[in-house]
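Remember, it's a predicted structure, so these values are computed and weren't measured experimentally.
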There are 2 protein chains.
Amino acid sequence: MAKALEPEQLRAYFALMESVTLLQHAVERQLRAEGGISYVQFQLLARLAQAKQLTMTALADGVVYSRSGLTHQAKLLEQAGLITRTGCPDDQRATVVTITDAGLALIQRLMPGHIEVVRDLMFDAMSDRDLHALAEIMTRARDHMRAQPPRSATGRRRRTAG
Amino acid sequence: MAKALEPEQLRAYFALMESVTLLQHAVERQLRAEGGISYVQFQLLARLAQAKQLTMTALADGVVYSRSGLTHQAKLLEQAGLITRTGCPDDQRATVVTITDAGLALIQRLMPGHIEVVRDLMFDAMSDRDLHALAEIMTRARDHMRAQPPRSATGRRRRTAG
DNA sequence: TATTGTTATACTCTATAACTATA
DNA sequence: TATAGTTATAGAGTATAACAATA
């Protein structure tokens, strides 16, 4: 059924996963210590900092898989005053999530330290050429993964991806 | 204090994190569905499948950060009959973890499907050149990260890394 | 009927601190 | 005194299923 991965694929896969695990731990520690938020919450806020407004479904896409998981996180972020949720004029079913000034301020406050961790841990030991290659490769990989249908979707997924 | 990441670094970082998140979700789903184990448990078993025997500390290294977290996982794996824990003759304080035949069998049973997910989601859309570059870059990155001292170590970390 | 989102619930994972035992 | 590991506990995260409301 499944052909084995080439040794080099296995090597790449394990190195990739372990690196990201290490990086994620470090980054989570920084976010928790300096901002009191989790990595998922940071991702949500970072998305909103770019887009200003997103529906719950659009926001969940690629960050949190289950709808209830996002509802939970949104509740926490709303209670912390970092986002607001309002009805959507176009579609009455939808909820529009907006980042608040406090949310923006938090992201801006956290970003330097966040970036410092990532730089120290990963990019400082990487040549410009490697960096460029990595960006290219992973951008393509991400786009490919996004386009893949989930292997066993229990509910709906992946809508309004823009 | 912290200089901003170059745009390309940011692009690489976010693409990397999102890709791995998507990959991890897919892989976790497969492992849970076909083997009833988590990704962390898979990682532990996969390590043991290679090394046969490791101390708790060596096993924790790079997979689970807290000692109690590993004790918890080891207990679950032991209850499931996938590993055994015995005293270490060299150092009476240490615990040696050994993978059982059932553990090996499980890993071998899961590996094809696991690999299939990784291949479909990531490597099928990657050229041989990209694969090679990725393996090189991430191997170096991992080694660099492993060598970095944790930013705020609460207890001990990183021993007997071999 | 399908989709958006919420709620309630249960489960898993992880970390912190206190503890035992050995080096 | 420092290290290896366990335990107890508490907190956070996520998913499932049932639900309400809209398309």
Side-chain angles (χ1 to χ4, degrees), chain A residues 21 24-26 28-29 31-33 35-44 54-61 63-80 83-97 150 152-160, chain B residues 21 24-26 28-29 31-33 36-44 54-80 83-97 150 152-160:
Chain A
T21 298
Q24 212 161 5
H25 270 274
E28 247 155 30
R29 193 176 285 273
L31 290 174
R32 182 64 66 191
I37 61 174
S38 68
Y39 188 65
V40 167
Q41 290 167 349
F42 172 80
Q43 283 179 297
L44 294 172
L54 289 170
T55 64
M56 292 289 283
T57 300
L59 189 54
D61 196 61
V63 178
V64 179
Y65 273 165
S66 72
R67 300 169 279 163
S68 60
L70 179 58
T71 297
H72 176 64
Q73 291 299 334
K75 198 178 293 179
L76 294 179
L77 290 173
E78 193 172 42
Q79 283 168 359
I83 66 166
T84 60
R85 283 183 289 178
T86 54
C88 177
D90 300 346
D91 187 337
Q92 296 281 24
R93 296 171 302 180
T95 296
V96 172
V97 182
S152 75
T154 41
R156 58 280 176 45
R157 291 284 161 67
R158 200 150 302 288
R159 301 257 24 231
T160 53
Chain B
T21 298
Q24 212 160 4
H25 270 275
E28 248 155 31
R29 192 176 287 275
L31 290 174
R32 182 64 65 191
I37 61 173
S38 68
Y39 188 65
V40 167
Q41 290 166 348
F42 172 79
Q43 282 179 296
L44 294 172
L54 288 171
T55 66
M56 291 291 281
T57 300
L59 189 53
D61 196 62
V63 178
V64 177
Y65 273 165
S66 70
R67 298 168 280 161
S68 60
L70 179 58
T71 297
H72 175 63
Q73 291 300 333
K75 197 178 295 180
L76 293 179
L77 291 172
E78 192 172 42
Q79 282 168 0
I83 65 167
T84 59
R85 284 185 287 180
T86 54
C88 176
D90 299 347
D91 186 338
Q92 296 281 22
R93 296 171 302 179
T95 297
V96 172
V97 181
S152 74
T154 41
R156 57 273 173 55
R157 292 284 161 65
R158 200 151 302 291
R159 302 258 24 232
T160 53

Asker: Supply the atom-to-atom distance Thr21(A) OG1 to Gln24(B) CD, rounded to the nearest 0.5 angstrom.
Answerer: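 Reported to 0.5 Å precision, the distance equals 5.5 Å.
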Asker: To the nearest 0.5 angstrom, please state how far the OG1 atom of Thr95(A) sits from the CE atom of Met56(A).
Answerer: 6.0 Å
Asker: Give the nucleotide from the list dT16(C), dT6(D), dA15(D) with an atom nearest to the side chain of Ser68(A).
Answerer: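 Nearest to the side chain of Ser68(A) among the choices is dA15(D).
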Asker: Examine dA15(D): is either OP1 or OP2 under 4.0 Å from a nitrogen or oxygen in the side chain of Arg29(B)? Give yes or no.
Answerer: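 Indeed not, no polar side-chain atom of Arg29(B) lies that close.
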Asker: Quick one: closest heavy-atom pair of Cys88(A) and Val96(A), and the distance?
Answerer: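 Taking every non-hydrogen atom into account, CB-CG2, 3.6 Å.
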Asker: Would you check if the side chain of Gln73(A) reaches a backbone N or O of Val40(A) as a donor-acceptor pair within less than 3.5 Å?
Answerer: no
Asker: Do Lys75(A) and Gln79(A) come within less than 4.5 Å of each other through their side chains, counting heavy atoms only?
Answerer: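 Sidechains of Gln79(A) and Lys75(A): in contact.
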Asker: Please produce a list of atom pairs where a protein N or O lies less than 3.5 Å from an N or O of nucleotides 21-23 of chain C.
Answerer:
{"unit_1": "dA23(C)", "atom_1": "OP1", "unit_2": "Gln92(B)", "atom_2": "N", "d": "3.0"}

Asker: How long is the line joining CG of Leu77(A) and P of dG5(C), in whole Å?
Answerer: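 So the CG-P distance, Leu77(A) to dG5(C), works out to 16 Å.
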Asker: Figure out the CD1/C1' separation between Ile83(A) and dG5(C), and round it to whole Å.
Answerer: 13 Å
Asker: Got a second to check how far Thr71(B)'s OG1 is from Arg85(B)'s CZ, nearest 0.5 Å?
Answerer: 6.5 Å
Asker: Let me know the distance between CG of Leu70(A) and P of dT6(C), rounded to the nearest Å.
Answerer: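 Rounding to the nearest Å, CG of Leu70(A) and P of dT6(C) are 8 Å apart.
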Asker: Could you tell me the separation between the OG1 atom of Thr84(B) and the CD atom of Glu78(B), rounded to the nearest 0.5 Å?
Answerer: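 Output value for this atom pair is 7.0 Å.
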Asker: Below 3.5 Å is the cut-off: list the nitrogen or oxygen pairs between protein and nucleotides 9-13 of chain D, distance only.
Answerer:
{"unit_1": "dG13(D)", "atom_1": "OP1", "unit_2": "Ser38(A)", "atom_2": "OG", "d": "3.2"}

Asker: For dT7(D), does OP1 or OP2 lie under 4.0 Å from any side-chain N or O of Lys75(B)?
Answerer: yes
Asker: So which heavy atom on Leu54(B) is nearest to which on Ala58(B), and how close?
Answerer: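 Taking Leu54(B) first and Ala58(B) second, the nearest heavy atoms are CD2-CB, 4.2 Å.
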Asker: Rounded off to whole Å, could you give me the CZ-to-C1' distance for the Arg67(A) and dA20(D) pair?
Answerer: 12 Å
Asker: How many angstroms lie between CG in Leu77(A) and CD1 in Ile37(A), if you round to the nearest 0.5 Å?
Answerer: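 Between Leu77(A) CG and Ile37(A) CD1, I get 7.5 Å after rounding to 0.5 Å.
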Asker: Heavy atoms under 4.0 Å, any strand shown: does Thr95(A) hit a base, just sugar-phosphate, or nothing?
Answerer: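 Answer is sugar-phosphate: Thr95(A) comes under 4.0 Å of backbone atoms only.
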Asker: What is the distance from CE of Met56(B) to C1' of dT3(D), rounded to the nearest Å?
Answerer: 14 Å
Asker: Locate the shortest heavy-atom distance separating Ala94(A) from Thr55(A); write the atom from each residue and the value.
Answerer: CB-CG2, 4.4 Å
Asker: Once you round to the nearest 0.5 Å, how far does CD1 of Ile83(B) lie from CG of Leu44(B)?
Answerer: 7.5 Å
Asker: Would you mind reading off the distance between Arg85(B) atom CZ and dA4(D) atom P, rounded to a whole angstrom?
Answerer: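 Answer to the nearest Å: 17 Å.
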Asker: Angle between the end axes of the helix from dT1(C)-dA23(D) to dA23(C)-dT1(D), five pairs per end, to the nearest 10 degrees?
Answerer: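 About 10° separates the two local helix axes.
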Asker: Let me spell it out: for each of His25(A) and Ala74(A), pick the nucleotide of DNA chain C with the closest heavy atom. Which residue's pick is nearer the 5' end?
Answerer: Ala74(A)
